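Nothing here was measured: the structure is a model prediction, and the numbers come from that model.
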Amino acid sequence: MGMLKPVRTHVLPRLKARRTEICLTAAHTFVERGFDATSVNDIAAALGITKAGLYHYISSKESLLFDIITLGLDSIDEEVVEPTRAIADPDARFLDIVLRHALLATCNDGVITLLIDEVHALSPPQRKKINLRRRKYFEYVRAALLELEAAGRLQDIDPTVAAFSVIGAIVWLPQWFRL
């Protein structure tokens with residue numbers, strides 16, 4: 001297996017510094033208070049700006065949540081899927097997927113990962129987009145497990161159940177760190 005290249009310590013590499021600050025501050029605020037209990041005023045106060053100043057950067061609280069979750073999924077594509085696609089050995093690829101996803105899930109205090117539970121607050125079209133992307137990643141992990149099964153390295157384990165279990169365990173890592 002090749003050396004694991006560390007993921008970036010930030011989750012939002014494509015964004016300008018101010019937009020990154022807004023997304024991470026909002027994510028922390030959503031996690032601390034819950035999405036429904038957080039107002040735009042709460043986010044603005046956490047940023048030290050006015051509500052009007054915050055609306056310069058966002059169109060709504062829901063659109064901000066959608067952007068944050070989307071950026072988290074973009075990071076999975078960039079930091080987990082893309083680097084592991086080229087790994088030929090199925091054992092090494094699966095291990096790299098798990099390690100990379102775990103590192104990504106816990107960076108920035110895991111706030112991006114913790115917000116996946118708030119997907120219910122999105123509009124139906126936004127929720128559909130997020131769920132399609134989540135399903136695509138699930139299928140990528142499941143395919144890696146199917147390849148292990150085909151190679152005789154995974155026995156007496158249902159790859160679908162295993163994929164749900166592995167992803168679920170990784171997504172819960174930030175909860176364990178919060179205890």
Side-chain angles (χ1 to χ4, degrees), residues 4-84 97-138 140-141 164 166-179:
L4 176 68
K5 294 179 184 174
V7 296
R8 291 186 280 267
T9 56
H10 51 76
V11 176
L12 314 174
R14 299 189 328 243
L15 300 180
K16 294 182 179 173
R18 185 62 170 160
R19 182 70 175 168
T20 297
E21 179 187 12
I22 290 168
C23 287
L24 288 177
T25 300
H28 277 96
T29 307
F30 291 152
V31 168
E32 288 171 13
R33 298 173 181 242
F35 178 79
D36 293 328
T38 301
S39 69
V40 173
N41 279 332
D42 295 330
I43 299 165
L47 287 161
I49 62 176
T50 65
K51 183 177 174 180
L54 180 56
Y55 274 116
H56 172 75
Y57 295 97
I58 69 169
S59 60
S60 69
K61 183 175 84 163
E62 292 77 15
S63 70
L64 181 57
L65 177 64
F66 178 75
D67 289 348
I68 293 167
I69 295 172
T70 297
L71 290 164
L73 291 169
D74 289 348
S75 293
I76 288 175
D77 288 343
E78 294 166 12
E79 302 289 346
V80 180
V81 174
E82 288 307 316
T84 60
I97 290 168
V98 170
L99 290 173
R100 287 176 172 282
H101 191 176
L103 287 169
L104 189 61
T106 56
C107 70
N108 293 318
D109 300 323
V111 294
I112 305 296
T113 302
L114 291 167
L115 286 178
I116 202 68
D117 288 338
E118 298 289 358
V119 75
H120 71 277
L122 299 174
S123 69
Q126 290 172 327
R127 195 170 37 249
K128 183 177 181 179
K129 287 178 185 177
I130 295 300
N131 286 336
L132 285 172
R133 292 197 59 197
R134 289 171 67 185
R135 182 63 182 204
K136 183 179 175 185
Y137 179 64
F138 166 80
Y140 181 73
V141 174
F164 279 123
V166 167
I167 293 170
I170 293 169
V171 170
W172 265 88
L173 284 172
Q175 292 285 8
W176 286 105
F177 282 112
R178 291 169 51 96
L179 294 178

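Looking at heavy atoms from C-beta onward, Ile49 lies out of side-chain contact with His56 at the 4.5 angstrom threshold. Side chains of Ser75 and Ile112 form no contact here, defined as non-hydrogen atoms less than 4.5 Å apart. The closest side-chain heavy-atom distance from Leu73 to Ile76 is below 4.5 Å. Proximity of Leu64 to Val40: side-chain heavy atoms (C-beta onward) are nowhere separated by under 4.5 Å.
For Thr106, there are no side chain to side chain donor-acceptor pair (under 3.5 Å) partners at least two apart in sequence or on another chain. Annotation: salt bridge (Lys or Arg N to Asp or Glu O under 4.0 Å) contacts of Asp77 (sequence neighbours excluded): Arg133. Qualifying side chain to side chain donor-acceptor pair (under 3.5 Å) partners for Tyr140, counting only residues two or more places apart in sequence or in other chains: Thr84. Taking the salt bridge (Lys or Arg N to Asp or Glu O under 4.0 Å) definition, one finds that Glu82 meets it with Arg85, sequence neighbours left out.
In this structure, OH in Tyr57 is found 11.5 Å from SG in Cys23, a value given to the nearest 0.5 Å. Rounding to the nearest 0.5 angstrom, the gap separating the CG atom in Leu173 from the CG atom in Leu103 is 9.5 Å. Here the OG1 atom belonging to Thr38 is positioned 8.5 Å from the CD atom belonging to Glu32, to the nearest 0.5 angstrom. Here the CG atom belonging to Leu132 is positioned 12.5 Å from the CZ atom belonging to Arg127, to the nearest 0.5 angstrom. Taking CG of Leu47 as the start and CD of Glu21 as the end, the distance is 5.5 Å to the nearest 0.5 Å. Rounding to the nearest 0.5 angstrom, the gap separating the OG1 atom in Thr29 from the CG atom in Leu24 is 10.5 Å.
A donor-acceptor pair under 3.5 Å is formed between the side chain of Gln126 and the backbone N or O of Ser123. Under a 3.5 Å cut-off, the side chain of Lys61 and the backbone N or O of Ile43 do not form any donor-acceptor pair.
Pairing each heavy atom of Thr25 with each of Ala46, the nearest pair is CG2-CB, 3.6 Å.
Among residues at least two apart or in separate chains, side-chain hydrogen bond (donor to acceptor under 3.5 Å, both in side chains) pairs with a member in residues 42-55 are Arg33-Asp42, Ser39-Asp42.
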Trace of the side chain to side chain contact (heavy atoms under 4.5 Å, CB included) decision for Val81 with Lys136: CA-CA 11 Å; Val81 174; Lys136 183 179 175 185; over 6 Å; no
Which donor-acceptor pairs under 3.5 Å do the side chains of residues 113-122 make with protein atoms, sequence neighbours left out?
from: Thr113; atom 1: OG1; to: Ala105; atom 2: O; distance (Å): 3.1
from: Glu118; atom 1: OE2; to: Phe35; atom 2: N; distance (Å): 3.3
from: His120; atom 1: ND1; to: Asp117; atom 2: O; distance (Å): 3.1

